[in-house]
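Here is the structure we will look at.
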Amino acid sequence: MANPSLLILAGDGIGPEVMNEVKRIIDWFGAKRDLAFDVSEDLVGGAAYDKHGVPLHDDTMAKAQSVDAVLLGAVGGPKYDDLDFSVKPERGLLRLRKEMDLFANLRPAQCFDALADFSSLKKDIVAGLDIMIVRELTSGVYFGEPRGIHMEDNMRVGINTQRYTEAEIERGARAAFELAMKRGKKLCSMEKANVMESGILWRDVVTEVHRDYPEVELSHMYADNGAMQLVRAPKQFDVIYTDNLFGDILSDCAAMLTGSLGMLPSASLGLPMANGRPKAMYEPVHGSAPDITGQGKANPIACILSFAMALRYSFDQGAEADRLEAAIEKVLADGARTADLMGPEGGTPLSTTQMGDVILSALDESL
Ligand code: IPM
Ligand code: MG
């Protein structure tokens, strides 16, 4: 059988630096675990704009549709701030999500024991934290029409539309309930049903889907209260299901609970393809970090953990995903730290490549 295929879109800023370490990890699985991938690479975001004048070339889009999974680094940077909205680097990412129909965005927020001190919250509030945010990713205010800026009575008016069909709410809810069944069997749905009709519909539809998952304990929360509860007592949550915009915000909030944005992976999943695998793209939650680009300082762990999610969700290699996650846990417990993980006690941080080195050693030791 042919090897499964991966398309790497490293993108901008620290994307290529962290992706280099992922490529070494991919090679390790090929060499040591008989798990080889056919890897191809292409451009996205500002890097694609520089070459093609668009943040995602049609050929790249077609490739993304044809592979078993896409690994994405990061897009954007100050160089592209003044570009027309339609060709901004972020549009490349949004096009991938939309055209691949990646409606379920899984954003785990897990606090590694070794890093509990790095959270801005007290250690006992975050130690052992393990929550999963499922963010609806292909609809809502990110894509709703009408949108734009136009003139009304000599004044500019900006418009975006929050729009959800029940089918869109339902398919994301099913993904969230399925995950809850495999985890702690608790699901909290977040919207603003107190002020938004789309929130009322959201609550109704999630409640209907719940009938098919009676073992899951379902609760509903207004998203603003959810933000507050996330910093007050995050361990009350298991799986959270929310819309595209609230999910964007709440997942950044949850990410910071764990101590560093440099640690968090994500998976964006769509419908099953002919081979049974879901359409999928994996990317770190952190952005392109222009302030540290090119300095070898970036933490590659979020991007490496995104590959672990690919092993788990696209390739049915849960045990190998566990192996990779355990290797990362081990190096952190042993004190390996990139610059973003340095405490007040100081010390010499590892470079991006050195962090890759110690993770590879830990993988070797796992054999
Ligand atoms: C994210 C990012 C993106 C989003 C940007 C880069 C378009 O913030 O993935 O959370 O808003 O969805
Ligand atoms: Mg975001």
Side-chain angles (χ1 to χ4, degrees), residues 104-137 140-142 162 172-173 176 179-180 183-196 198-199 202-203 206 216-268 283-287 289 291 299 301-302 305-306 309 328-329 332 337-345:
N105 181 214
L106 280 46
R107 299 192 161 189
Q110 237 172 319
C111 185
F112 288 85
D113 282 346
L115 299 181
D117 283 323
F118 290 91
S119 175
S120 47
L121 298 190
K122 294 192 198 82
K123 188 171 179 169
D124 58 312
I125 295 189
V126 294
L129 179 75
D130 178 7
I131 61 186
M132 176 72 88
I133 297 185
V134 179
R135 166 187 175 192
E136 195 294 323
L137 200 61
V141 77
Y142 271 59
Q162 167 84 335
L179 274 167
R183 295 174 42 103
K185 300 201 169 137
K186 267 171 62 178
L187 178 66
C188 182
S189 167
M190 295 187 187
E191 26 56 16
K192 287 279 289 176
N194 49 346
V195 288
M196 296 164 77
S198 60
W202 186 278
R203 196 174 275 225
V206 173
V216 176
E217 182 194 316
L218 171 67
S219 59
H220 302 276
M221 213 178 256
Y222 298 141
D224 55 341
N225 182 28
M228 192 263 276
Q229 296 297 335
L230 266 176
V231 290
R232 190 187 73 84
K235 283 189 257 180
Q236 71 185 283
F237 298 113
D238 175 23
V239 179
I240 292 172
Y241 176 46
T242 191
D243 77 15
N244 206 343
L245 183 60
F246 294 143
D248 180 42
I249 297 166
L250 293 169
S251 63
D252 264 25
C253 175
M256 206 54 222
L257 297 174
T258 68
S260 167
L261 217 49
M263 302 292 300
L264 294 183
S266 78
S268 305
E283 54 179 305
V285 169
H286 64 67
D291 52 324
N299 182 351
I301 291 181
L305 285 172
S306 300
M309 288 187 91
I328 288 168
E329 210 156 323
L332 291 171
R337 302 280 185 269
T338 39
D340 55 310
L341 303 176
M342 297 306 292
E345 69 278 9

- Task: For residues Lys235 and Ala127, report the shortest heavy-atom separation together with the two atoms involved.
- Result: NZ-O, 2.7 Å

- Check whether any side-chain N or O of Ser119 sits under 3.5 Å from a backbone N or O of Leu257 as a donor-acceptor pair, and report yes or no. yes

- Message: I need the Arg232 CZ to Asn225 CG distance, nearest 0.5 Å.
- Response: 8.5 Å

- Message: Just so I know, are the side chains of Leu230 and Ile131 near enough to count as touching, which here means a heavy-atom distance under 4.5 Å?
- Response: yes

- Side-chain donor/acceptor of Gln162 to backbone N/O of Val141, under 3.5 Å: yes

- Distance-minimising heavy-atom pair for Leu179 and Met132: CD1-CG, 4.2 Å

- Task: Give a yes or no answer on whether the side chain of Lys186 reaches the backbone of Gln236 with a donor-acceptor pair at less than 3.5 Å.
- Result: yes

- Message: Under the criterion salt bridge (Lys or Arg N to Asp or Glu O under 4.0 Å), I'd like the reasoning laid out for Asp248 against Arg135: C-alpha separation, chi angles, the key distance, then a yes or no.
- Response: CA-CA 7 Å; Asp248 180 42; Arg135 166 187 175 192; 3.7 Å; yes

- Message: Quick one: does any side-chain atom of Asn105 pair with a main-chain N or O of Ala267 as donor and acceptor, under 3.5 Å?
- Response: yes

- Charged N-O contact under 4.0 Å between Lys192 and Asp224: yes

- Taking all non-hydrogen atoms of both residues, which atom of Leu264 and which atom of Ala109 are closest, and how far apart? CD2-CA, 4.1 Å

- Query: Is the side chain of Asp238 donor-acceptor paired with the backbone N or O of Gly184 at a distance under 3.5 Å, no angle test?
  - Reply: yes

- Query: If only atom types and distance count, is the side chain of Ser189 paired as donor or acceptor with the main-chain N or O of His220 below 3.5 Å?
  - Reply: no

